[in-house]
> 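This is the structure I have questions about; it appears just below.
Since the model is a prediction, treat every value here as computed from it, not as a measurement.
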Amino acid sequence: QVQLAESGGGSVQAGGSLRLSCVASGYAYTHNCMGWSRQAQGKEREGVASIDSDGSTSYADSVKGRFTISRDNAKNTLFLQMNSLKPEDTGVYYCAAVRPMVVGGDWRCPRMALDQYTHWGQGTQVTVSS
């Protein structure tokens with residue numbers, strides 16, 4: 001069973017930075033598709049960033065140029081570096097993981113198709129004040 005645990009959330013002023021971490025435990029070595037999503041108060045959860053099994057990344061338009069997703073496979077840890085934070089970035093941030101799908105001889109990840117992720121962390125609160 002894969003377990004995910006986020007950390008690094010907190011309160012920061014607009015323009016500041018935070019670095020979120022997500023540590024995976026259990027049989028995480030096969031769950032090479034990972035991503036971050038967030039949920040603002042009163043809004044639907046949205047995909048923020050994803051990283052594929054081959055290391056390729058995807059970002060929501062709203063965070064491009066400000067957020068960077070990365071991973072340390074040896075430590076089973078996912079990161080989200082958030083710079084130039086805005087009040088609209090406020091929300092609970094969740095990490096997620098899933099096994100890649102085999103299509104032909106290639107591995108495919110769901111990117112930010114949130115309903116395809118099978119494991120989720122408990123979330124960490126990020127609050128950005130103006």
> Are F67 and V12 joined in one hydrophobic group, where the rule is that I, L, V, M, F, W and Y side chains link up if heavy atoms are under 4.5 Å apart?
yes

> Side-chain heavy atoms under 4.5 angstrom apart, residues restricted to Ile, Leu, Val, Met, Phe, Trp, Tyr: same cluster for I51 and L80?
yes

> Using every non-hydrogen atom in the two residues, find where Y59 and T68 come nearest and quote the distance to one decimal.
OH-CA, 3.3 Å

> Go through the structure and list residues passing salt bridge (charged side-chain N to carboxylate O under 4.0 Å, His left out) with D115, not counting sequence neighbours.
none

> Please identify each residue that fulfils salt bridge (charged side-chain N to carboxylate O under 4.0 Å, His left out) with E88, with sequence neighbours left out.
none

> Would you confirm whether E6, through its side chain, and T124, through its main-chain N or O, come within 3.5 Å as a donor-acceptor pair?
no

> Determine yes or no for a side-chain-to-main-chain donor-acceptor pair under 3.5 angstrom, with W107 supplying the side chain and R99 the backbone.
no

> Once salt bridge (charged side-chain N to carboxylate O under 4.0 Å, His left out) is applied, do any residues pair with D54, and if so which ones, sequence neighbours excluded?
none

> Below 3.5 Å, can you tabulate the donor-acceptor pairs from side chains in residues 14-21 to any protein atom, sequence neighbours excluded?
| from | atom 1 | to | atom 2 | distance (Å) |
| --- | --- | --- | --- | --- |
| S17 | OG | N83 | OD1 | 2.9 |
| R19 | NH1 | Q81 | OE1 | 3.2 |

> Just to verify, what does N73 make a side chain to side chain contact (heavy atoms under 4.5 Å, CB included) with, not counting sequence neighbours?
R71

> Does CD in Q125 sit with more than 12 non-hydrogen atoms of other residues, nucleotides or ligands closer than 6.0 Å?
yes

> Not counting sequence neighbours, list each pair that qualifies as a disulfide bond (SG atoms under 2.5 Å apart) and has a residue in residues 43-97.
C22-C95

> When you measure from the side chain of S53 to the backbone N and O of N32, does any donor-acceptor pair fall under 3.5 Å?
no

> Can you run down the salt bridge (Lys or Arg N to Asp or Glu O under 4.0 Å) pairs that involve residues 30-44, sequence neighbours left out, and say none if there aren't any?
R38-E46, R38-D89

> Could you see if I69 belongs to whatever hydrophobic cluster contains Y93? Use Ile, Leu, Val, Met, Phe, Trp, Tyr and a side-chain cutoff under 4.5 Å.
yes

> Would F79 end up clustered with V23 when hydrophobic side chains under 4.5 Å apart are linked, directly or stepwise?
no

> Supply the members, apart from Y117, of the Ile/Leu/Val/Met/Phe/Trp/Tyr cluster built from side-chain contacts under 4.5 Å; use none for a lone residue.
V92, Y94, V98, L114, W120

> Listing request: all disulfide bond (SG atoms under 2.5 Å apart) pairs with a residue in residues 36-78, at least two apart in sequence or in separate chains.
none

> Test question: given the 4.5 Å side-chain rule for I, L, V, M, F, W and Y, name all other residues clustered with V103, or answer none.
M101

> Look up atom CG in L85 and atom OG in S130, then write down how far apart they are to the nearest 0.5 Å.
13.0 Å

> At their closest point, which heavy atom of H119 faces which heavy atom of L4, and how far apart are they?
O-CD1, 3.4 Å

> Would you list the pairs meeting salt bridge (Lys or Arg N to Asp or Glu O under 4.0 Å) in which at least one residue belongs to residues 104-114, sequence neighbours left out?
D52-R111, D106-R108

> For A5 and Q122, which heavy atoms make the closest approach, and how far apart are they?
CA-OE1, 3.6 Å

> Listing request: all disulfide bond (SG atoms under 2.5 Å apart) pairs with a residue in residues 97-130, at least two apart in sequence or in separate chains.
C33-C109

